[in-house]
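Order of the sequence lines fixes the chain letters, A, B, ..., with proteins taken first and strands second; residue numbering starts at 1 for each chain. All values below were derived from every heavy atom in this structure, side-chain atoms included, with hydrogens, water molecules and symmetry-related copies excluded.
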Protein chains: 2
Amino acid sequence: MAVTLQDIANNTGLSVSTVSRALSTEKSPHAGEQTRRKVFAAAAKLGYRPNVSARALARGRSDNVALLLPELDCIPYIHQIETHLDELGLHVTPFASHWQTEREAELLESLPARMLDAVINLHYLAANKDVYQEHRRRGQRLIFRVVEEDIEDVPFDCIGVDVDKGVRVLIEHLHAQGYRRIGLLGGFGATDVAAGRFDRGHARGYMQGHQAVGMPVETGRAVPCGAGMVEAYEAARKALASGRDDFDAFIVQSPDKLTGVIKAVQDAGLTIGRDMGLATIGAEDEPVCSLYDVTTWAQPVYRVCKGLVSLLKNRLDDPEGPIHKIYYESTLVARSSSSRG
Amino acid sequence: MAVTLQDIANNTGLSVSTVSRALSTEKSPHAGEQTRRKVFAAAAKLGYRPNVSARALARGRSDNVALLLPELDCIPYIHQIETHLDELGLHVTPFASHWQTEREAELLESLPARMLDAVINLHYLAANKDVYQEHRRRGQRLIFRVVEEDIEDVPFDCIGVDVDKGVRVLIEHLHAQGYRRIGLLGGFGATDVAAGRFDRGHARGYMQGHQAVGMPVETGRAVPCGAGMVEAYEAARKALASGRDDFDAFIVQSPDKLTGVIKAVQDAGLTIGRDMGLATIGAEDEPVCSLYDVTTWAQPVYRVCKGLVSLLKNRLDDPEGPIHKIYYESTLVARSSSSRG
DNA sequence: AAATGTCGAGCGCCTGAGTGA
DNA sequence: ATCACTCAGGCGCTCGACATT
C-alpha cells in the first residue's frame, strides 16, 4: 500500500538506487541537481515516507534511542530529551521499568533486537551494574543519569546529580533558620535512615548534614512511606500525631509526596514556615513548589537533559572514545516554607 | 553482533527456514518435536532475540500499536493499555501531540512508515476528522476515546466517555446541596462558556445543568485558564478577589488544576464545602481527589482502557467488520467538598 | 579525473512451493 | 496421502563496486 522507492523510480524513470541516493543527504555519490529535483517532486507528489524497518535493517541502526525510566512520570525529562534528540534527527522511545531491577534488565535485554542506537537511562542502578557492563560489551551505548551513587564509581558515560548533597544543604539551611528536629520523609533515604544505614543517597546526606551543624542523628526522625501523595499524607499525619514535638521540619523526598505532607501539616493546625519547616528535592520549575512556596533543592533538569544528549552524541560519534562524566550542581531555592521570618 | 536465525541454523545443522518454523507458534508446517526441542535449546543457549525490524519488514506488520496522547501525563491510561496489549502480544509506543491538531495529523502521517498495526487515539479531535478518514482509507486501524463529541457523530471504532453529562450531573448535585453560583474553571469548556458557545463538551453540560435545575447561565461564571496548577491558582484567586459573592462553588476541569483552586479557596479564608463547593471531573482513583476529599465525576479508566483494547482486537481480527461503539458511564463520587452538612 | 547514474548483494526474517521419506 | 524439512524469493532500503558521460 505504502509508497516505496520503487514507485518513485517508476514514476521518474530512474533506478531505485539512484532515487535512494538522491533522497539521502549523504555526500559521496552525489546525485545531479536535476535528478534531485525530479525525485523530490515525485516523492512529494506520491507522499513517500521511508519505511523505518527496512531502513533500520539495511543500515544496522534505527536512529532511535531508548529512554529508560523508573516511572512514566518523569515528564519534563522525556519532553526535554525528545526535543534535543529531535535536533540530531533521532527519535526517542520511552520504556518504564517501574522501579524493578529485574524488569530493567529484561528491557535492556530486549533492546538490541529493536536495533536501538543507544540507551539513555535516567536512573543508574548499582544493582544492575553487571548487566550494564554486559550490554556495553555487546556494543550497546549506554548513557546514565546518576542519582544515588558517586559518579566516580560509575564506569559509564554519565551525568551526576547531587541529590545526597541536597539533603545536607537543606539540613544546614533549615538549621540556620532555627529548625532543630528535622524529619526525612519518603524514598529510599527514609528507609535507610530508619534502618540505621547511612552509606548512600539521601541517608548519607542526612547524616552529613547533621554532622555539619553538630546535631545528633535520630533514626526515629525518618518517616518511610510508599509512593504517592495519599501515602505521604498518612505517614506525615501519623508522625505529627504520635508526638508533635518530635518534628519541627520535614525534608520531603519528592514534590509528589509534598502535596500530602502539606495537607497533613495544615490539618494538624500548624502553619508552614512558622511552626513547621518544609523543604523538598526535585526538578526545577516544579509547580507544587512554586504554588506552595516551598524551599527546594532544585535539579537543573534542562541542563541535565542537554548534557545527556551531548554525551550521547559524543558516544555515537566516537564509540571507542574515553568515558565522559559531568557533574551538575543543583540550586537551593529558599522560599517561605523554610523561613521563620 | 546479535544472534540470528542463521546462527541457530549453523548450531543445530538445520536450515534457517526450519528454525524459523520451529520457533514460530503457528501451526501449518509443524516442526517435529525433536527439532523443536533442539532449536529452542540452541536459541536459549545463544540468547536469540528475533530482530523486530526484519520481522516487521517480512510480515508487513510490527505487533506494535501507537498510542496517541494529547499530553504525556495520561499515565494511568498508558499503563493500563500497555498491560492489556501485552496480553495480546502487542507492544505500545506512545506519541504526544501536545494538544496541537497539526502535530497530531503529522504524527498520523508518520505512522504507516513505522509499520504500526493500529493507532489508539486517546482524544478524538473533530477538527482532524478528515485526516482520520484519509488514514483509514489507507488501511490504518484507528480506535478512539471520545470526550468532547457525541459518539453518534464519530464514524470510527470508539469508546465514549460522558464528560459533558458530568458537568450537568455535578451542577444538579451542587444545586441540590444548596449551591447557586457555580463557576466552571479551566479547559475548553470555560473558554466556550465565556464566549457564549454551548454546543459541545463541558459548555453544553454547563448549559444543560442550569436548565435542569432552572437556573440562568451566567457567562461571567466561566473562569478560563491555562494548563497547570499555578495558572489555575491565579485564575481562581482573581475570580474570588474580584467579587467573592459571584461564586459559591467551582467545577474544576481537571484534578491538576484542582490543586491550585484548593489553595486559592483556602487563601481566601474560605472553608471548602461550607463556604465554597468544589467538584471536578477526572479519572477514577485520582490521588488529589481522595486526599482533599473532592467530589468527582469519575471516569472509569480501567474499563475504558479494557474497552479500547478489545475494540482494537476486534478490528485487527476483522479489518472489514462493522464499526463498534461503546459508551461508558462515569460515576458521581460525592464527597465532603460539596456537602454543606 | 571527476561527476552522475546503475547493478546487485544483502540486512534478518517469513512463507509458498517443492523435495524426499 | 501425511509428515518433516529445505529452497528460494521477497519485504524496502542502503551502499560498495562498477559503467557511462
Side-chain angles (χ1 to χ4, degrees), chain A residues 1-40 42-43 46-64 89 110-117 139, chain B residues 1-40 42-43 46-64 110 112-117 139:
Chain A
M1 298 305 100
V3 181
T4 72
L5 284 187
Q6 185 66 63
D7 297 323
I8 301 184
N10 294 342
N11 194 282
T12 54
L14 296 164
S15 77
V16 171
S17 33
T18 305
V19 174
S20 168
R21 290 219 147 90
L23 285 175
S24 70
T25 327
E26 311 301 327
K27 48 202 177 311
S28 12
H30 227 51
E33 196 46 45
Q34 309 182 38
T35 342
R36 221 181 165 70
R37 246 193 283 281
K38 215 164 45 171
V39 168
F40 271 85
L46 300 175
Y48 170 75
R49 292 278 187 161
N51 181 310
V52 294
S53 296
R55 172 171 287 182
L57 188 56
R59 298 211 288 202
R61 62 190 166 88
S62 62
D63 290 342
N64 234 288
S110 78
L111 296 185
R114 297 181 180 277
M115 316 216 9
L116 285 98
D117 300 349
Chain B
M1 296 303 99
V3 181
T4 73
L5 286 186
Q6 184 66 61
D7 297 324
I8 301 184
N10 294 342
N11 194 281
T12 55
L14 295 164
S15 78
V16 172
S17 35
T18 305
V19 175
S20 169
R21 288 215 151 90
L23 285 175
S24 72
T25 327
E26 310 300 330
K27 53 208 175 306
S28 17
H30 224 54
E33 195 47 45
Q34 308 182 39
T35 336
R36 221 180 164 69
R37 245 193 286 280
K38 213 164 48 170
V39 168
F40 271 86
L46 300 175
Y48 170 75
R49 292 277 187 162
N51 180 311
V52 292
S53 296
R55 171 171 286 182
L57 189 58
R59 299 211 289 199
R61 63 193 165 86
S62 62
D63 290 342
N64 234 289
S110 78
R114 296 182 181 279
M115 310 201 50
L116 285 98
D117 300 349

Report which part of the nucleic acid Thr4(B) touches: base, sugar-phosphate, or nothing (heavy-atom distance under 4.0 Å, all strands).
sugar-phosphate
Protein-nucleotide distance (Leu5(A), atom CG; dC11(C), atom C1'), rounded to Å
15 Å
side-chain contact (heavy atoms from CB on, under 4.5 Å) with Leu5(A): which of Val39(A), Asn51(A), Val19(A), Leu14(A)?
Val19(A)
Value for CD1 (Ile8(B)) from NZ (Lys38(B)), rounded to nearest 0.5 Å, stands at 12.5 Å
Between atom CG in Leu23(A) and atom C1' in dG12(D), what is the gap in whole Å?
13 Å
Check whether any side-chain N or O of Ser20(A) sits under 3.5 Å from a backbone N or O of Val16(A) as a donor-acceptor pair, and report yes or no.
no
For the pair made of CD in Gln6(B) and P in dC14(C), what is the distance, rounded to whole Å?
14 Å
Going by heavy atoms closer than 4.0 Å, what residues in residues 51-58 of chain A are next to DNA chain C?
Leu57(A), Ala58(A)
With side chain to side chain contact (heavy atoms under 4.5 Å, CB included) as the test, would you mind laying out the steps for Val52(A) and Ser62(A) before giving the verdict?
CA-CA 7 Å; Val52(A) 294; Ser62(A) 62; over 6 Å; no
Roughly how far, to the nearest 0.5 Å, is CG of Leu23(A) from CZ of Phe40(A)?
5.0 Å
Distance check needed: dA3(C) P versus Arg36(A) CZ, whole Å only.
15 Å
Here the distance between atom C1' of dC14(C) and atom CD1 of Ile8(B), to the nearest Å, is 15 Å
Look at the side chain of Arg21(B) and decide which nucleotide, out of dG8(C), dC14(C), dC7(D), has an atom nearest to it.
dC7(D)
Backbone N or O of Ala42(A) within a donor-acceptor pair of the Asn11(A) side chain at under 3.5 Å?
no
Starting at CZ of Arg49(A) and ending at C1' of dC11(D), how long is that distance when rounded to a whole Å?
20 Å
Over all strands shown, is Ser20(B) touching base, sugar-phosphate only, or nothing at heavy-atom distances under 4.0 angstrom?
base
Would you kindly give the CZ-to-P distance between Arg61(A) and dC13(D), to the nearest whole Å?
16 Å
Between Gln34(A) and Val16(B), which is nearer to the 5' end of DNA chain C once each is assigned its nearest nucleotide?
Gln34(A)
CZ of Arg114(B) versus P of dC13(D): gap in Å, rounded?
14 Å
Distance check, rounded to the nearest 0.5 Å: Ser15(A) atom OG versus Asn10(A) atom CG?
11.0 Å
Can you say whether a donor on the side chain of Arg59(A) sits under 3.5 Å from an acceptor on the base of dG16(D), or the other way round?
no
